[in-house]
Each structure stands twice: as C-alpha cells, then as structure tokens.
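Data block below; observations after.
Naming convention: chains lettered A, B, ... in sequence-line order (proteins, then strands); numbering from 1 in each chain.
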Amino acid sequence: GAVVSQHPSWVICKSGTSVKIECRSLDFQATTMFWYRQFPKQSLMLMATSNEGSKATYEQGVEKDKFLINHASLTLSTLTVTSAHPEDSSFYICSAILAGGEEQYFGPGTRLTVT
Amino acid sequence: GENVEQHPSTLSVQEGDSAVIKCTYSDSASNYFPWYKQELGKRPQLIIDIRSNVGEKKDQRIAVTLNKTAKHFSLHITETQPEDSAVYFCAASYSSASKIIFGSGTRLSIRP
C-alpha cells in the first residue's frame, strides 16, 4: 500500500522557537494533504487542507499565521509551528490522497513537546 | 460544517462478547463513513468503511451499519479478542478523498 512518512517522529523545542514538520508521500503523488492535531486522550482535529501549488485552507479557529503550511511539490507538505508555546504540544498527523485516487493514507505522526 | 458524535467514550467487554459503538452525524451531504482503530502513539488505521448507498457492510468479525435517514452509523465487533483493545474513531466525509471529521473516540477494553 501507499506509504506516508513524517519527519521528525518527535521533537522537543523551547517556547518561542519555530518547528517544521514534514509530511512525505513516498511512493505516490499527492495533490491533497491534510494536517490534524491530536491532544492526549482526544480525537483528531482537522487543522487544514493543503493542496499542491496553492494556499492551504484552514479550519475555523486555526491561526494560519501560527501554523504555516507549504505544499510545494506533489510529494511534500510542511507544517511550521511558529513561536511555539507549551499549549502547542500535541501529536501532529498528516494524511495524503493519491492523485486521482480515493484513498487517504495517514502518516505516523509527530509528537511535539514545547518546554 | 459536519459534526460527529460518538458513544460511548469507554467500553469494557468480556473477551468473546460483542462490542457496539454508535455515531451520529449532522451534515446530510456526507457520503463516506470510515472507522479507525488507533493504538497508543500510532497513526489511525482504517478498519472498515461504508458509503451512503449501502446500509450494511461486513468484514469477518467487524460490521458497520448506516441509517442515512436518521444520520446514525454503528460499528459492531463480534467475538472480541484482547488485540481488539484500542481507541476506535468513527468519522464522516463527503468522499474518501475529502477531509475527514472524526468522532470523539471510544476506548475499548477487552477483559480476559
């Protein structure tokens, strides 16, 4: 099956710094990727939809200037958490849709801890 | 936008018994209803899905039912086994290639 990877798998950063998380489709081209956030013992909350070559569409309540999403190629989308704070500590998961396909594949997630 | 509610939040069943998780959704335009199993610290895994033109779907010990009129759908796991212990999420979407809105999750524990 299709493989989606995320890098890093975990990261610890200091409050006020920025962190970039990568989501890659390893063996297929993905025109659309989604970014989710999951706090401990909670559900996955959709943050934004990322389309290759265009601006991301953010869900209501998600600050687009804080969570910068770039989808510069058909195999890579990045999420940058700017000026991170402890409340941004969470599990960030991406998913990708095969171009022209109907299945959505999830990445393994990135655990962010802001100290 | 779509809102998905899921019950119960926790469920404990004896090994070998059945488990049922129920969900409701709000957007009548939703047509795709996947169910995911998530183990601690891992990605959600699609275990079964159902589309709006089907009322029921079964895959071995797992079955899903959908009532579009009532906007209800349910997951049924029969002959539960210890490895079924995990968090289960229902979800709704316009299609399998659209954004997915997740329910709040059910923590299923199987008692030996």
- Item | Chi angles and distances behind the side-chain contact (heavy atoms from CB on, under 4.5 Å) call for B:Thr65, B:Phe73 | CA-CA 5 Å; B:Thr65 59; B:Phe73 57 117; 5.8 Å; no
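- Under the side-chain contact (heavy atoms from CB on, under 4.5 Å) criterion, B:Val54 pairs with B:Ile50, not counting sequence neighbours.
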Just list the donor-acceptor pairs under 3.5 angstrom between chain B and chain A, please.
from	atom 1	to	atom 2	distance (Å)
B:Gln38	OE1	A:Gln38	NE2	2.8
B:Gln38	NE2	A:Gln38	OE1	2.9
B:Arg43	NH1	A:Phe106	O	2.7
B:Ser96	OG	A:Glu102	O	2.3
B:Ser98	O	A:Gln104	NE2	3.1
B:Lys99	NZ	A:Glu59	OE1	3.4
B:Lys99	NZ	A:Glu59	OE2	3.1
B:Ile100	N	A:Tyr36	OH	3.3
B:Gly103	O	A:Ser43	OG	2.5

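- For A:Phe106, the parts lying near chain B are the backbone and the side chain together; criterion is any non-hydrogen pair under 4.5 Å.
- When the side-chain contact (heavy atoms from CB on, under 4.5 Å) test is applied to B:Glu79, the partners found at least two apart in sequence or on another chain are B:Arg61.
- Neither the backbone nor the side chain of B:Leu46 comes within contact range of chain A; no heavy atoms are under 4.5 Å apart.
- Residue B:Lys68 places its NZ atom among more than 12 non-hydrogen atoms of other residues, nucleotides or ligands, all under 6.0 Å distant.
- The shortest side-chain heavy-atom distance between B:Val20 and B:Leu75 does not fall under the 4.5 Å cut-off.
- If you measure heavy-atom distances from A:Leu44 to chain B, the contacts under 4.5 Å come from both the backbone and the side chain.
- With hydrogens and angles disregarded, no donor-acceptor distance shorter than 3.5 Å links the side chain of B:Thr24 to the backbone of B:His72.
- With chain A as partner, the option from B:Pro34, B:Gly41, B:Gly1 having the largest number of non-hydrogen pairs under 4.5 angstrom is B:Gly41.
- Nearest heavy-atom pair, B:Ala19 versus B:Leu108, reported as atom, atom and distance to 0.1 Å: CB-CD1, 4.0 Å.
- Hydrophobic cluster membership for A:Leu74: none, as no Ile, Leu, Val, Met, Phe, Trp or Tyr side chain comes under 4.5 Å of it.
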